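Since the structure comes first, as structure tokens, the remarks are kept for the end.
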Amino acid sequence: MTRIASQLDAAFNRQLRQWLPGIEVLDLPRGIPVGLPTDIQVLLAAPHADFRDAAQPPTGWPFGLGFVQLASSGLDYFPRWLFEHLPVASARGCTASSIAEFVLAAIFAAAKGLPQVWVERAEHWQQRPLAAVAGSTLGLFGFGSIARELAPKALALGMRVLALRRSPQPLQVPGVEAVSDLGQLFSRADHLLLAVPLTEQTRQAIDADVLAMAKPGLHLINIARGALIDQPALLKALDSGRIGLASLDVADPEPLPEGHPFYRHPRIHLSPHTSANSPGVYLNIARLLERNLRRWGDGSPLENPVQIQRGY
């Protein structure tokens, strides 16, 4: 029998035992995996600040592990040593559908003035102009699984879709136009999604210079990592009106400290890093784990192998 240690919550682990009969699941707290039994073959690792900040592996690492399956797409909440001695697979793609739906909801909320358009008193009964989603332009910074899930949905709504990616490979989604730099993306988009991993190259890539190139009134959406944005520069761009609205599901740090201006800014829609949180995501992670258990047993490469030098 294959034994795995899971750092996801107990409710998920109970469901995992039903989804993957024949797999024994050990509930493991989040954080540094300490003292794993040597017959545990797979670690299902969840993001945690203590794990990320651990400079050295625990005594006995990597125990008897055969591989590590991450429960997230991003690598920035895990220490470098986790990727040095074992095959590691990310959960890239497991959250794409849920996050794409969240982004569409943010776009409609911005265009239709939600929730401000709702009225509760007779004196508020006054029509107001609303923007159209059809005919607007969506910019995608990054063209991974989330952007590829979102792009066809946006096209079906009548949006124009632009994308900027690091890879020179074709976008392979009919109707999506490639652009060559952030200036083009920001100057042409009405709604702009940040969907790139956090690396040394992308950290604070959205700085004052980039924000100054934005189409006036741009709606900026971030579901990736808060550190992609120079946050003080974003506040200035919002105050000036250059950025019309920022829908932020992520921030730096998380949670933001009490009193941070993001909590009360009238042009910020802030949510608590929850865009991926839906039941389908957990089933996707379980199915990915099942496929990787099979691949590992067959001696085949894992699905979604981490390329630590590229940051994903």
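Because the structure is predicted, anything quoted here is derived from the model rather than measured.
Between the CZ atom in R203 and the CG atom in D230 there is a gap of 12.5 Å [rounded to 0.5 Å]. For the atom pair CD1 (I146) and OG (S275), the distance works out to 7.0 Å, reported to the nearest 0.5 Å. Expressed to the nearest 0.5 Å, how far CE of M1 lies from CD1 of I23 amounts to 8.0 Å. Distance check, rounded to the nearest 0.5 Å: CD of E290 to CZ of R295 gives 12.5 Å. Distance check: I221 CD1 to F141 CZ gives 15.0 Å after rounding to the nearest 0.5 Å. Put simply, OG on S6 and CZ on R17 are 8.0 Å apart, with the number rounded to the nearest 0.5 Å.
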Verdict with supporting geometry, V68 and V42, side chain to side chain contact (heavy atoms under 4.5 Å, CB included): CA-CA 6 Å; V68 175; V42 180; over 6 Å; no
Intermediate values then yes/no, side chain to side chain donor-acceptor pair (under 3.5 Å), H219 and S247: CA-CA 7 Å; H219 174 209; S247 294; 2.7 Å; yes
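In this view, F186 satisfies the ring-ring contact (aromatic ring centres under 6.0 Å, His included) rule with no residue, not counting sequence neighbours.
Considering all non-hydrogen atoms of both residues, Q69 and A91 come closest at NE2-N, 4.0 Å. Across all non-hydrogen atoms, the minimal contact from L150 to A100 is CD1-O, 3.8 Å. Scanning all heavy atoms of the two residues, the minimum distance from L218 to A214 falls at CD2-CB, 3.8 Å. Counting all heavy atoms, side chain and backbone alike, Y282 lies closest to S278 at CD1-O, 3.5 Å. S90 and S73 get closest at one heavy-atom pair: CB-O, 4.0 Å. Residues C94 and N284 approach most closely at O-ND2, 2.9 Å, considering heavy atoms.
The pair E177-R188 meets the salt-bridge criterion, with a side-chain N (NZ, NE, NH1 or NH2) lying under 4.0 Å from an Asp/Glu carboxylate O. Ion pairing between R165 and D181 fails under the 4.0 Å rule for side-chain N and carboxylate O. For the pair D76 and R225, the salt-bridge criterion is met [side-chain N within less than 4.0 Å of a carboxylate O]. Ion pairing of D190 with K215 is present here, as a side-chain N (NZ or NE/NH1/NH2) and a carboxylate O approach within less than 4.0 Å.
Within a 6.0 Å sphere centred on CD of E123, other residues, nucleotides and ligands contribute more than 12 heavy atoms. Counting non-hydrogen atoms of neighbouring residues, nucleotides and ligands closer than 6.0 angstrom, the CD atom of Q56 reaches no more than 12 such neighbours.
By the 4.5 Å heavy-atom criterion applied to side chains, L70 and V88 are counted as neighbours. Side-chain contact between N222 and L220: absent, with no pair of heavy atoms (C-beta onward) separated by less than 4.5 Å. Between I308 and L75, some side-chain heavy-atom pair lies under the 4.5 Å cut-off. Counting heavy atoms from C-beta outward, R160 and S136 have side chains that stay 4.5 Å or more apart. By the 4.5 Å heavy-atom criterion applied to side chains, L234 and I206 are not counted as neighbours. For the pair S180 and Q184, the minimum side-chain heavy-atom distance is below 4.5 Å. Under the 4.5 Å side-chain criterion, counting only non-hydrogen atoms from C-beta, H265 is in contact with L235.
Two different hydrophobic clusters hold L256 and I223 under the rule that ILVMFWY side chains link at heavy-atom gaps under 4.5 Å. Hydrophobic clustering (ILVMFWY, side-chain heavy atoms < 4.5 Å, transitive): Y77 and F83 are in distinct clusters. No single ILVMFWY cluster, assembled from side-chain heavy atoms under 4.5 Å apart, contains both L28 and W19.
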In residues 102-113, what donor-acceptor pairs under 3.5 Å come from side-chain atoms, sequence neighbours left out?
residue	atom	partner	partner atom	Å
K112	NZ	A131	O	2.7

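In this structure, the ring of F78 has its center less than 6.0 angstrom from the ring center of F51.
Applying the salt bridge (Lys or Arg N to Asp or Glu O under 4.0 Å) definition to pairs two or more places apart or across chains, those involving residues 139-150 are E149-K153.
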